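These numbers come from a predicted model, not from an experiment. Every chain is numbered from 1, with letters handed out A, B, ... down the list of sequences.
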Amino acid sequence: MSKPSIPQGTRDFSPAEVRKRQYIFNMLKNIFELYGFQPLETPAMENLVTLTGKYGEEGDRLIFKILNNGLHEKKDADKAKLNEEWAKLLGKPYSTPVITERALRYDLTIPFARFVVMRQNDIAFPFRRYQMQPVWRADRPQKGRYREFWQCDCDVVGSTSLINEAELLSIYREAFHQLKLPQVTVKINSRKILAGLSELCGAPEKMMDITIALDKLDKIGWDGVTKELLERGIDEAGIEAIETIINVKGDNAEKLAQLKTIMSGSETALAGIAELEQTLAYHEAISNKAWASDLRIDVSLARGLNYYTGVIVEVTTDAVKMGSIGGGGRYDDLTGLFGLKNMSGVGVSFGIDRIYDVLEELNLFPTALETGSKVLLLNFGGQNEAYALSILGQLRNAGIAAEVYPDAAKFDKQMKYANKRNFRYVIIPGDDERAAGKLSLKNFETGEQQLTGIAEAIDILSS
RNA sequence: GAGACAGUAGCUCAGUUGGUUAGAGCAUCGGAUUGUGGUUCCGAAGGUCGUGGGUUCGAGACCCAUUUGUCUCCCCA
């Protein structure tokens, strides 16, 4: 007999783990609702064509494809076709509707864009929605990386106002503040500054190369970035220009002022700088001084996804060695991929599995999360069992979460069960109690026990 | 796609340059104790040592292959 297992990179969530995850989900949901976002859910699977080509070459390889079923029902002609396609498939990274035409959701943004295009006539724009669902990636799992993980996304589509950016920054900072996550940095940058950067170093067509190299600054340092820039065909003068810009120091206002001077030769960069300035001003107006996170302009922030066009954001914590715990940005033409032009959107995503791992590692979950039933009724069988059931019904009618031990097992066994399940009270409805029309109520934290009437017990349990 | 490490009871792990019948803790079940748990004591059950081959008088240990998992690079949340 082989031991059961689950697929690599997936996890079961025990009752205690689910409660902790729900603690995060509920907190985020409340914030999203407070900011006027509406819930949305989309299918676990999408048509493959909806997803392919949206996440870059690397992303396409990481999409989980679903094998068509019902193959046994195919006619002979289809079977021949099938064999032919299989032969092609085995050779190279190739896919065909004969073999697969559906795939598991890779993120929440593309399905959202698809939804917006499909329902464009019903939606009141600007449309603000949040979505908390699992996504799947055929990546190699490692610390903080899973093949099935949840994203909590929050996007506004149909408005170019930077108020949206400012509000999303607030949502991030409010959420991490409420979760009490320490040493959080919300990094902000603009794709337009990166585009301007590539103009200034004389290689506007190399923007992707520059951003990819620059994104690794934290990991490989400036020397490593220099090396990578050279490999990607940036000349010495260009690298020097990049270095000047990267080395801009000071608070956000000081950085912006310096960038304005250094990058005055690029209209694009100046537009990006103005965007950040306005975003920060809006954010200042709606933010709360109590939020502990650091909101910092970081010119080296790049972000992988290629559809971002304006402001980009990424959230990290220095408290634990972990990749980013959230990210997002502005995409001017997301729905254009599905034929709807001039529909700008901006959104952020919370990586709640990583947030969970960080809170767990730092022991930051509230201790009172493990609730569940408050009281267990012991079972003495026969008429006592019937008596216990009548009490059980009365407790539940009074809104008290209660359970009865389903078998007339040994007293000791039932008590041990109550202890292990962390019940706060145990009710002992035995012969004596039943004869008196009362019950024994034992407080499992203090060990105290008292004989009371049912109404009085309900009073105690309700408080 | 590339690399490092690991796989022994349900779980976490010991296991001496290769030497009788492979151990512990926790969990489970039974008993001391058929109305009093969390902190008692006694006992029982539980193993093709991931799989296949090889070296050897002898392999849980050494070698090769394979598989699964963890981690790192790449990329990402």
Is there a donor in the side chain of [X] and an acceptor in the side chain of [Y], or the other way round, less than 3.5 Å apart?
X      : Y      : result
A/E148 : A/T10  : no
A/Q38  : A/R128 : no
A/Y308 : A/N189 : no

Can you tell me which nucleotide in [options] comes closest to the side chain of [X]?
X      : options             : value
A/R137 : B/G37, B/G35, B/C76 : B/C76
A/K216 : B/A77, B/C76, B/C74 : B/C74
A/K442 : B/C76, B/U36, B/C75 : B/U36

Between B/G18 and B/C63, how many Å separate the two P atoms, rounded to a whole number? 10 Å
When the C1' atoms of B/U17 and B/A9 are compared, how many Å lie between them, rounded to an integer? 28 Å
Name the nucleic acid region contacted by [X], choosing base, sugar-phosphate or nothing; use a 4.0 angstrom heavy-atom cut-off, strictly under.
X      : result
A/D139 : base
A/S324 : sugar-phosphate
A/F350 : nothing
A/E314 : nothing
A/Y146 : base

State yes or no: are the ring centers of A/F32 and A/Y130 separated by less than 6.0 Å? yes
Between A/F64 and A/Y106, is the gap from one ring center to the other below 6.0 Å? no
In chain order, what residues pass the salt bridge (charged side-chain N to carboxylate O under 4.0 Å, His left out) check against A/D432, with sequence neighbours excluded? none
Across all chains, not counting sequence neighbours, the salt bridge (charged side-chain N to carboxylate O under 4.0 Å, His left out) partners of A/R173 are none
Taking distance alone, no hydrogens or angles, what donor-acceptor pairs closer than 3.5 Å link side-chain atoms of residues 440-449 of chain A to residues at least two apart or in another chain?
residue	atom	partner	partner atom	Å
A/S440	OG	A/E433	OE2	2.6
A/K442	NZ	A/G447	O	3.4
A/N443	OD1	A/E445	N	2.8
A/N443	OD1	A/T446	N	3.2
A/T446	OG1	A/E448	N	3.2

For the side chain of A/E433 and the base of B/G35, is some donor closer than 3.5 Å to an acceptor across the two? yes
Value in whole Å for how far the [atom2] atom of [N] lies from [atom1] of [X]:
X      : N     : atom1 : atom2 : answer
A/Q414 : B/U34 : CD    : C1'   : 12 Å
A/N379 : B/U36 : CG    : C1'   : 16 Å
A/R21  : B/A77 : CZ    : P     : 17 Å
A/N443 : B/U36 : CG    : P     : 18 Å

Using 0.5 Å steps for rounding, measure from the [atom1] atom of [X] to the [atom2] atom of [Y].
X      : Y      : atom1 : atom2 : answer
A/I163 : A/I286 : CD1   : CD1   : 8.0 Å
A/I210 : A/D215 : CD1   : CG    : 13.5 Å
A/E228 : A/I239 : CD    : CD1   : 11.0 Å
A/T42  : A/Q133 : OG1   : CD    : 5.0 Å
A/L229 : A/E243 : CG    : CD    : 10.5 Å

What are the two closest heavy atoms between A/Q394 and A/I458, and how far apart are they? O-CD1, 4.0 Å
Letter per nucleotide, 5' to 3', of nucleotides 46-52 of chain B [B base touched, S only sugar-phosphate touched, - untouched; heavy atoms, 4.0 Å]: -------
Going 5' to 3' through nucleotides 25-30 of chain B and flagging B where a protein heavy-atom sits under 4.0 Å of the base, S where only the sugar-phosphate is that close, and - otherwise, we get --SSS-
Detail all sub-3.5 Å separations between protein N/O atoms and N/O atoms belonging to nucleotides 6-11 of chain B.
none

Partner of A/R145 by salt bridge (Lys or Arg N to Asp or Glu O under 4.0 Å), out of A/D139, A/D357, A/D353: A/D139
Tell me, please, which residues at least two apart from A/Y282 pass ring-ring contact (aromatic ring centres under 6.0 Å, His included). none
Mind checking ring-ring contact (aromatic ring centres under 6.0 Å, His included) for A/W150 and listing every partner two or more places apart, or none if nothing turns up? A/F25
Distances under 3.5 Å only, N/O to N/O: pair up the protein atoms with those of nucleotides 66-72 of chain B.
residue	atom	partner	partner atom	Å
B/U72	OP2	A/Q142	OE1	3.1
B/U72	OP2	A/K143	N	3.2

Annotated structure of RNA chain B as dot-bracket, pair cut-off 3.5 Å, Watson-Crick or G-U only, | for inter-strand, is (((((((..((((.....[...)))).(((((.......))))).....(((((..]....))))))))))))....
The residue among A/T452, A/L378, A/L395, A/L392 that forms side chain to side chain contact (heavy atoms under 4.5 Å, CB included) with A/I427 is A/L395
Distance-only check: which donor-acceptor pairs under 3.5 Å involve side-chain atoms of residues 177-184 of chain A, not counting sequence neighbours?
residue	atom	partner	partner atom	Å
A/H177	NE2	A/A290	O	3.2
A/Q178	NE2	A/E174	OE2	3.3

Collect all protein-nucleotide pairs involving nucleotides 41-44 of chain B in which both atoms are nitrogen or oxygen and the distance is under 3.5 Å.
none

